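Only a predicted model underlies this, so the values are computations on that prediction, with no experimental measurement involved.
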Amino acid sequence: MMKVTTILITAACLAGSFSLYADAVSDQEEAASSTGAYSVAGALRLPENVTKRDVYGMNVGWKLFKGEKEPEEAASPDVDDSSWESVNLPNGIELLPEEASGCSNYQGPVWYRKTFIPPSRLEGRRNTLYFEGIMGKSEVWVNGEKAAEHFGGYLPVIVNLDKWLKPGQKNVIAVKADNSNDASYPPGKPQEGLDFSYFGGIYRDVYLISTGPVYITDPNEAGTVAGGGVFFRTEFLDPRTRKGKVGVKVQVANQTDKERKVRVQAVMTDPKGVDPAGETVPLTIPPHSTGEVDIPLVLSNVKPWSPDNPDLYTLSVEVWDAAGGDHSKNPAHLLDNRSIRVGVRTVEITEKGLVLNGSLFPEKLIGGNRHQDFARLGNAVPNNLQWQDAVKLRKAGMRVIRSAHYPQDPAFMDACDRLGLFVIVATPGWQFWGSGPFADRVYDDIRQMVRRDRNHPSVMMWEPILNETHYPADFAKKARDLVHEEYPYKGCYTACDAVAQGSQHYEVLYAHPVTGDKHWSIKERKNSKPYFTREFGDNVDTWSAHNSTSRVARHWGEAPMMVQALHYLKTSFPYTTYDTLNAAPAYHFGGCLWHPFDHQRGYHPDPFYGGILDAFRQPKTSYYAFMSQRPQKTRNGLGSGPVVHIANECTPFSPEDVTVFSNCDSVRLSVNGGPPVEKRVASCPGGLKRVPVVFPKAWDFMENKKLARAGKEGAVKLVAEGLIGGKVVTRHEVRPARRAEKIRLTLDREDGVDLYANGSDVFAVVAEVTDGRGTVKRLNDEEIVFSVEGPAELLTDSPDGTLTQSVKWGSAPALVRLGATPGTVTVRASVKHPGSQKPVSGVIRFDTKAPGLKMLFTEDAAGSAKKVAGTPSSSEAPASEREKSLQMELEKVRHELNRLRNEKVSAQQTHFE
């Protein structure tokens with residue numbers, strides 16, 4: 001590294017320089033609470049008036065061909081691709097069935113093509129194509145010439161376009177992606193024997209990034225050990241004095257023919273965008289070379305990052321032309337700049353437990369594993385759903401996510417930073433060791449995952465070993481050493497199974513706690529090391545049959561879901577559960593549930609049903625069981641706060657005993673308006689914090705019948721109140737569902753997740769069959785037909801653009817992809833077989849907004865643009881909005897008349913009963 005002299009910036013100079021970025025930081029802070037804070041290649045998107053980089057979204061307007069083709073038939077600019085399918089990215093090749101396990105997905109080669117015209121201003125600049133992920137082995141062709149190839153589906157593919165790009169003219173990018181079995185790169189295992197699915201396609205975002213010839217490098221492209229791009233780390237933190245010291249290593253490239261003298265400036269602002277701290281150092285870079293500086297910053301009034309207070313700083317790094325004189329006054333001399341979100345925090349994992357920011361973490365760190373697939377989409381999960389997954393997991397009270405079994409999408413990592421979720425980053429692999437180039441490709445994956453994710457404050461430790469794999473004797477140590485080579489600073493921890501060979505080299509060992517199943521638990525502690533449970537809760541009879549008390553499809557109903565929920569909290573037999581993890585010794589500092597979401601698998605015909613949410617992210621009873629274990633005092637707005645949930649739907653088949661999940665001091669339950677019964681929320685000494693509260697024989701279907709017959713249907717209800725300190729702080733009410741009257745539509749949109757018209761984002765619209773009061777009719781088997789109007793499309797295989805879904809446990813979800821044009825989206829839902837006595841149709845409308853990211857695509861290349869721009873999804877001539885409103889009003893009037901007729905029928909039946 002080049003030795004540099006540090007120049008401390010005076011307060012006046014710093015304030016003047018920083019003024020260029022005040023508006024940018026303000027905009028970033030405003031966006032930080034929403035999905036507008038998605039990073040691009042590890043950095044924030046800056047407003048055009050202050051950035052020296054151009055970033056373009058490349059997701060819209062691709063053509064897809066499924067099958068093998070020779071390059072001249074697919075990559076040549078002159079190929080006629082008009083018959084190819086029009087798609088936007090992320091794309092997973094196909095729309096999957098709801099249950100896509102058992103290798104029912106496509107496996108093999110596909111070709112993508114994108115035609116676009118880059119702006120003329122990109123001439124003479126450095127232009128790269130940044131793929132966040134292409135599944136399998138891939139080739140990238142630019143204007144008919146092969147520009148790159150890559151092996152592996154979970155880390156970036158970066159292509160320098162300078163040799164081939166033609167600004168101002170038509171350009172064609174062609175990508176061959178092949179997700180078929182291949183043992184030469186990780187994970188390597190044939191999909192027929194894999195516990196998850198590869199799926200396929202260009203399934204993450206793609207960007208075109210343009211810089212000047214003097215620029216801050218990208219760590220994954222640079223290939224520099226412990227370097228490249230911007231490398232941030234916390235050197236020192238004293239929570240008592242609120243003082244801290246951080247380091248900012250920056251690599252700058254000079255692509256010109258002359259030596260360049262520059263100044264590299266690093267400026268940090270606190271979570272409110274104030275109190276800037278910064279320094280500037282000089283750097284001389286030879287022609288066609290790189291230079292590196294390491295800038296120390298001293299901070300005061302530090303706001304440390306933690307799960308309950310995930311405060312993020314903005315770190316802005318700028319490269320100025322030293323020949324330009326006083327760079328604080330002339331923005332024209334700015335050569336390149338990047339801004340990233342960072343957290344100031346220290347982590348120590350010791351035999352006493354997790355020490356965060358100098359203090360022992362007061363609770364066990366409990367969370368879940370995460371596979372990335374979503375119902376119907378496979379792995380092609382857009383940024384908004386990545387963000388929503390993190391929100392839902394955090395709301396459940398989880399504080400840590402293990403990335404099973406590969407690096408996660410960058411948007412998910414951004415969300416973990418923002419929401420306070422620790423992450424264990426794992427290298428791609430599961431029960432397989434290959435020959436030939438396999439080992440070298442594993443080692444490269446390890447380096448690349450550290451380079452990509454090293455700046456995230458959420459990253460707690462690294463898992464470089466291949467999960468559940470019998471690897472060569474020298475692999476474990478080399479994998480661990482590679483992580484420490486790439487992250488040679490304090491706070492770098494690696495994890496490995498305690499029973500695996502080479503585990504002695506690792507700082508953290510995986511095992512089940514001594515309080516759990518004695519067959520699987522720790523037999524003998526090794527070298528006083530800390531332990532963590534990488535997967536807990538799953539309980540199968542055999543690994544072939546997979547019958548389980550923990551694997552429950554949501555639509556199987558109350559009784560199975562209750563069994564799952566209670567199993568995860570505390571079992572009557574020795575097993576690793578929430579209870580046994582809490583009861584574990586201090587050196588065993590936490591564990592991750594396997595698995596919070598239902599997901600698809602290659603080697604078994606059944607999906608994994610063990611999620612606390614299903615594949616559409618609809619909650620099961622166990623979701624509320626997890627919420628009952630979170631802190632009762634509201635902290636950062638997520639993952640904490642009072643909870644009370646009645647786990648009883650008041651159906652004719654619901655249990656008489658009513659179970660309530662709560663994290664309050666006590667629960668008060670009233671039945672049918674009667675006097676409330678209050679019970680304390682108990683805890684297991686040293687174990688489960690909040691035991692579910694059971695009220696015996698609180699639900700009586702015959703009492704319901706008696707009151708209903710007496711005209712007192714409205715009196716039948718269960719009301720639970722959660723009390724803290726003797727005061728009611730939360731409430732939940734459940735009623736039995738009556739006659740199915742209407743369809744209610746709900747947009748599954750978490751707070752802070754925006755509706756961007758970017759051609760990529762997907763939202764679930766959930767239809768529920770309800771009675772007149774809005775109570776969900778769980779026991780209902782209607783089929784619902786969805787249609788959409790406006791700048792969006794339903795994800796459906798139906799030629800007319802509609803979607804038919806069966807109601808399961810009261811609901812039917814549909815996926816809607818937003819178009820590339822802002823506007824009003826209308827979703828309608830009706831029963832498939834209409835009739836005068838059927839539930840009234842439902843409708844929901846919402847507005848989308850411009851994404852704020854420039855997108856490159858041509859209308860003729862984006863054949864789907866017309867589709868996503870808003871044509872009605874119906875083969876019939878579209879009715880006017882007024883006509884549709886009148887039709888719905890008429891349907892309601894007819895329904896009311898029929899309800900009155902039904903009352904007469906009911907009275908007559910009662911008379912002759």
Side-chain angles (χ1 to χ4, degrees), residues 9-39 43-47 49-51 230 232-248 265-279 295-318 328 337-346 356-358 387 390-391 394 413-421 455-458 633-640 751-754 852:
I9 305 177
T10 65
C13 180
L14 179 60
S17 176
F18 182 66
S19 66
L20 290 172
Y21 304 98
D23 292 338
V25 170
S26 177
D27 291 342
Q28 292 164 15
E29 294 299 336
E30 182 178 351
S33 62
S34 74
T35 53
Y38 298 142
S39 63
L44 296 173
R45 299 199 310 265
L46 293 173
N49 62 322
V50 297
T51 184
V230 178
F232 172 88
R233 76 274 184 189
T234 301
E235 298 277 10
F236 167 79
L237 176 62
D238 186 345
R240 290 185 308 101
T241 61
R242 298 182 64 188
K243 293 185 180 298
K245 179 182 177 182
V246 302
V248 183
Q265 176 177 287
V267 178
M268 275 186 71
T269 57
D270 76 3
K272 293 185 179 180
V274 296
D275 293 334
E279 289 190 5
I295 305 174
L297 296 178
V298 177
L299 307 176
S300 58
N301 299 317
V302 172
K303 299 175 178 63
W305 186 97
S306 70
D308 295 324
N309 293 287
D311 290 314
L312 294 177
Y313 282 68
T314 299
L315 169 63
S316 296
V317 178
E318 300 101 32
S328 66
N337 55 336
R338 303 195 83 191
S339 288
I340 62 176
R341 296 266 178 220
V342 295
V344 180
R345 61 107 179 104
T346 60
L356 178 63
N357 301 324
W387 192 276
V391 173
R394 195 68 185 92
M413 298 297 295
D414 294 341
C416 291
D417 291 343
R418 181 68 189 174
L419 302 173
L421 275 167
N455 290 332
H456 289 284
S458 57
K633 183 179 179 181
T634 301
R635 294 175 182 174
N636 73 343
L638 284 176
S640 58
D751 291 342
V753 177
D754 293 312

Give a yes or no on whether the backbone of [Y] and the side-chain of [X] come within a donor-acceptor separation of less than 3.5 Å.
X      : Y      : value
Arg394 : Pro307 : yes
Asp417 : His456 : no
Asn357 : Thr346 : yes
Asp414 : Tyr38  : no

[X] to [Y] - nearest heavy-atom pair and separation:
X      : Y      : result
Arg418 : Leu312 : CA-CD1, 3.9 Å
Trp305 : Pro457 : CZ3-O, 3.8 Å
Tyr313 : Asn301 : OH-O, 3.9 Å
Ala266 : Leu297 : O-CD2, 3.9 Å

Test Leu356 against Ser306 for side-chain contact (heavy atoms from CB on, under 4.5 Å), laying out the working first. CA-CA 8 Å; Leu356 178 63; Ser306 70; 3.7 Å; yes
Between Asp270 and Lys272, is there a side-chain N and carboxylate O pair less than 4.0 Å apart? no
Distance alone, cut at 3.5 Å: any donor-acceptor contact between the side chains of Ser316 and Ser339? yes
Partners meeting salt bridge (charged side-chain N to carboxylate O under 4.0 Å, His left out) with Arg345 (sequence neighbours left out): none
